[in-house]
Amino acid sequence: MSEPPYSPGLAGVIAGETTIGCVDQGKLLYRGYTIQDLAETVCFEEVAHLLLFESLPNAGELETVKQSLANYRPLPVPLISALRAIPNDVPMMDVLRSMVSFTSHFDPIEGHDEAANRQRALWLTAQIGGIIAARYRLLNGQEPLSPKDGLSHAAQILYQCHGEIPDALSEELIDLSLVLYAEHDFNASTFTGRVICSTLSDIVSGVTGAIGALKGPLHGGANEAAMEMLARFKSAEEASSWITQALANKEKVMGFGHRVYKQGDHRAVILEEKLRKLAAQKGEETWMAIYDAIKKPMTEEKKIYPNVDYPCGLTYFLLGLPLDLYTPLFVASRVTGWSAHILEQARNNRIYRPLSIYKGPKARPVPPISER
Ligand code: SDX
C-alpha cells in the first residue's frame, strides 16, 4: 500500500468543504460575493449576517442584527472586576483569550442548537468589542464606558475606547478593516476552531482556541509586527538599508507573503488604496515613503507581496490606535468567520485526526530503574 501523502503545515492539503469563503489567487469570495464588491458596498454588520445567517440582510434583518449586537454589548460586572485584576503589561490578545472564556460563564443564550449558537456568535462579537474598549480605558486610567445607542459596531468600539464619536473617516476605515478581516476559509485560526468543535466541544472553546492561534506573528499578529517594523525607521533611506540587510539575512518580513496568495492579497490592494488617501489627508507622506521602501524590494526582487496585515498596521497607526489593539481588532471581526465555520462543521461533522510519521526510537524494552 502506498504511503499516505505528507505535507508539512498541511500545505496544499484539502481538509474539508465549505460554502462560506473561497480563497484563491483569482478571487476572494464570502458566500459568492467578491471582497471588492463587499468592501465597496456593505458594512461589517451586513457581512456578519452574511456569514452567520447565510444571506445578505434586507433592511429589517440588518436592523435586527444591529439591535442584537446592542442588546448583547453590556459586559458582565464581574468581567470588569476581572479586567481590573489583570496586570497592565499583559498583551491585549492574552486578555481577550482569558476574557472571552470568562464572559462565557455569564452567557445569556439558552441552548446549544444552531439557532442558539448563531445568537451566541453575535453575543461574542458584541462582547469582544466591549472587552477591547474596556481594557483600553483601564490601561489609560479611565473607567470603561457604556455603549452609546445608534452607533455602528466600528464606531461603537472607537467610542467606547475614546469617549467620543469617531470622525467619519476613522469609522469608515475601521469598518472596512472589519469587512476585510471577517472570513478567509481554512486559515490557521479558523481551522483551529473547526478542529476543536469537531470533537463536539462548544463554540466558546472553539473561539478561545482560535484567538490563541491568531495571536502568532505568522498569522494575525503580523499587523502589529509589521507596524513595529515600520516604526523603527525615521526615513525611507533607513528602511531601504534595513530591508536590504534583512533579505540578505533571509529574515521573515512581517506583513508579506501568504500560503495561498503568491501574487498578492486582494484585501491588501483594497486597503492600501484607502491607506494612501488617509496618509495624504493627514500629511503623513513620510510614513508612506517608509512603507514603500520596504514593499518595493519585497515585491520587485523577492516577488513576495503584502498581505492584508501590511497596510492594516499602518492604517490603524495613522488612526491613532495603539499597537496592542491591532490583532484584537482582527479578532473582533474574525469571530464572525470562525463562528460560521464552527456552525458549518457541526452540520457535517467528522472529528479531525490526521496521521503522523513516527521518527522516534524503534520498539525497545523498558530498563529497570537501576539500569537507567
Ligand atoms: C494572515 O492563511 C490565511 O488566510 C491567513 C490570513 C487570514 O486572513 O486568515 O490571510 C491572515 O495570517 C496573513 C499572513 C500574516 N503573516 C505574516 O505576514 C508573517 C510573514 N509571512 C510569512 O511568515 C509567510 O509568508 C506565511 C506564514 C504567511 C506563509 O508561510 P508559508 O506559506 O509556509 O511560506 P514559507 O514560509 O514556506 O515561505 C516560502 C518562501 C520561503 O523561502 P525559502 O525558505 O523557500 O527560500 O518564501 C519566503 C520563505 O523564506 N517567505 C518570506 C516571507 N514569506 C515567505 N521571506 C521573507 N519574508 C516573508 N514574509
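Order of appearance sets the numbers: ligands from 1, and atoms from 1 within every ligand.
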Novice: Is there a path of hydrophobic side-chain contacts, each under 4.5 Å between heavy atoms of I/L/V/M/F/W/Y residues, joining M99 to V90?
Specialist: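 In one cluster with V90: M99, yes.
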Novice: Quick check: H266 with Y261 (ring centres under 6.0 Å apart)?
Specialist: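 Yes, ring centres under 6.0 Å apart.
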Novice: Please compare H219, H184, K302, K262 and report which has the shortest non-hydrogen distance to atom 12 (O) of ligand 1.
Specialist: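 Selected option, by shortest heavy-atom distance: H219.
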Novice: Can you find an N/O atom of D309 closer than 3.5 Å to an N/O atom of ligand 1?
Specialist: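 It does not: no N or O of D309 is found under 3.5 Å from an N or O of ligand 1.
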Novice: Does ligand 1 have any atom sitting under 4.0 Å from a heavy atom of G9?
Specialist: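 Under 4.0 Å: no for G9.
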Novice: Please work out whether any backbone atom (N, CA, C, O) or any side-chain heavy atom from C-beta onward of I304 is under 4.0 Å from ligand 1, and answer side chain, backbone, both or neither.
Specialist: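 The answer is the side chain.
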Novice: Test your reading of the structure: does R259 have an N or O sitting under 3.5 Å from an N or O of ligand 1?
Specialist: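 Yes; the residue has a nitrogen or oxygen that sits under 3.5 Å from a nitrogen or oxygen of the ligand.
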Novice: Using a 4.0 Å cutoff against the non-hydrogen atoms of G257, which atoms of ligand 1 qualify?
Specialist: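 Counting from 1, the qualifying ligand atoms are 25 (O), 28 (C).
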Novice: What atoms of ligand 1 come closer than 4.0 angstrom to any heavy atom of G255?
Specialist: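 Those qualifying, in numeric order: 17 (C), 18 (O).
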Novice: For atom 48 (C) of ligand 1, is there a protein heavy atom at a distance under 4.0 Å?
Specialist: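 Looking at atom 48 (C) of ligand 1, one finds that a protein heavy atom does lie closer than 4.0 Å.
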Novice: Counting only heavy atoms, which portion of R267 has something under 4.0 Å from ligand 1: side chain, backbone, both, or neither?
Specialist: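 Side chain only.
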Novice: What heavy-atom pair brings V179 and F44 nearest, and what distance separates the two atoms?
Specialist: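 Nearest heavy atoms, V179 then F44: CG2-N, 3.7 Å.
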Novice: Check ligand 1 against A222 and write out every atom of the ligand that is under 4.0 Å from a heavy-atom position of the residue.
Specialist: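 Those of ligand 1 that fall under 4.0 Å from A222 are 15 (C), 16 (N), 17 (C), 18 (O).
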Novice: So is P217 in contact with ligand 1, going by heavy-atom distances below 4.0 Å?
Specialist: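 P217: in contact with ligand 1 (<4.0 Å).
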Novice: Answer with yes or no whether E183 contacts ligand 1, where contact means a heavy atom under 4.0 Å from a ligand atom.
Specialist: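 No; E183 lies far enough from ligand 1 that no heavy-atom distance drops under 4.0 Å.
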Novice: Quick check on contacts: which atoms of ligand 1 are under 4.0 angstrom from a heavy atom of K250?
Specialist: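 This gives 46 (O) as the contact atoms.
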Novice: List the closest protein heavy-atom neighbour of atom 6 (C) of ligand 1: residue, atom name, distance to the nearest 0.1 Å.
Specialist: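 Of every protein heavy atom, H258 NE2, 3.7 Å lies nearest to atom 6 (C) of ligand 1.
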Novice: Looking at R334, K215, H219, E224, which one forms a side chain to side chain donor-acceptor pair (under 3.5 Å) with T327?
Specialist: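 Going through the options one by one, the only one that passes is E224.
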Novice: Which of the atoms in ligand 1, numbered in the order shown and given with their element, are less than 4.0 Å from a heavy-atom of V253?
Specialist: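 Under 4.0 Å from V253, ligand 1 has these atoms: 20 (C), 57 (C), 58 (N), 59 (C), 60 (N).
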Novice: Can you sort out which atoms of ligand 1 are near K252, meaning under 4.0 Å from one of its heavy atoms?
Specialist: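 Contacts of ligand 1 toward K252, numbered from 1: 22 (C), 23 (O), 36 (O), 49 (C), 50 (O), 53 (C), 57 (C), 58 (N), 59 (C).
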Novice: Check each heavy atom of M298 against ligand 1 and say whether those closer than 4.0 Å belong to the side chain, the backbone, both or neither.
Specialist: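 The answer is the side chain of M298.
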Novice: Run the ring-ring contact (aromatic ring centres under 6.0 Å, His included) check on H341 and F191 step by step: do they pass?
Specialist: CA-CA 8 Å; H341 279 270; F191 190 59; 10.0 Å; no
Novice: Counting only heavy atoms on the protein side, is anything nearer than 4.0 Å to atom 41 (C) of ligand 1?
Specialist: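 No, because not a single protein heavy atom sits under 4.0 Å from atom 41 (C) of ligand 1.
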Novice: Do R118 and F53 meet the cation-pi criteria used here (NZ or CZ under 6.0 Å from the six-membered ring centre, within 45° of the axis)?
Specialist: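 Cation-pi check for R118 and F53: passes.
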Novice: Taking the side chain as every heavy atom from C-beta outward, state whether H112 and I203 have any pair of such atoms under 4.5 Å apart.
Specialist: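 No, too far: nothing below the 4.5 Å cut-off.
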Novice: Working note: Y305 + Y310, criterion ring-ring contact (aromatic ring centres under 6.0 Å, His included); need CA distance, chi angles, decisive distance, verdict.
Specialist: CA-CA 10 Å; Y305 300 88; Y310 190 55; over 10 Å; no
Novice: List every atom of ligand 1 that sits less than 4.0 Å from any heavy atom of E251, numbering the atoms from 1 in the order shown and giving each element.
Specialist: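 Atoms satisfying the 4.0 Å criterion: 57 (C), 58 (N).
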Novice: Nearest non-hydrogen contact with atom 21 (N) of ligand 1 belongs to which option: Y181, Y261, F256, F191?
Specialist: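 Minimum heavy-atom distance to atom 21 (N) of ligand 1 goes to F256.
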Novice: Does ligand 1 have a heavy atom under 4.0 Å from the side chain of N307, from its backbone, from both, or from neither?
Specialist: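 Contact part for N307 vs ligand 1: side chain (C-beta onward).
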Novice: By number and element, which atoms of ligand 1 are closer than 4.0 Å to a non-hydrogen atom of M254?
Specialist: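 Once the distances to M254 are compared, the set is 18 (O), 19 (C), 20 (C).
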Novice: Which atom names give the shortest non-hydrogen contact between T336 and L52, and what distance separates them?
Specialist: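 Closest approach of T336 to L52, heavy atoms only: O-CD2, 3.8 Å.
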Novice: What protein heavy atom sits nearest atom 9 (O) of ligand 1, and how far away is it?
Specialist: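 Here the closest protein heavy atom is R334 NH1, 2.8 Å.
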Novice: Run R232 and E228 through salt bridge (Lys or Arg N to Asp or Glu O under 4.0 Å) and show every step you take.
Specialist: CA-CA 7 Å; R232 288 185 213 158; E228 268 165 2; over 6 Å; no
Novice: Decide side-chain contact (heavy atoms from CB on, under 4.5 Å) for F186 and I14; before the verdict, give the C-alpha distance in whole Å, the side-chain angles of both, and the deciding distance to 0.1 Å.
Specialist: CA-CA 9 Å; F186 278 31; I14 294 172; over 6 Å; no
Novice: Would you check if the side chain of S152 reaches a backbone N or O of A155 as a donor-acceptor pair within less than 3.5 Å?
Specialist: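 Such a contact is found between S152 side chain and A155 backbone.
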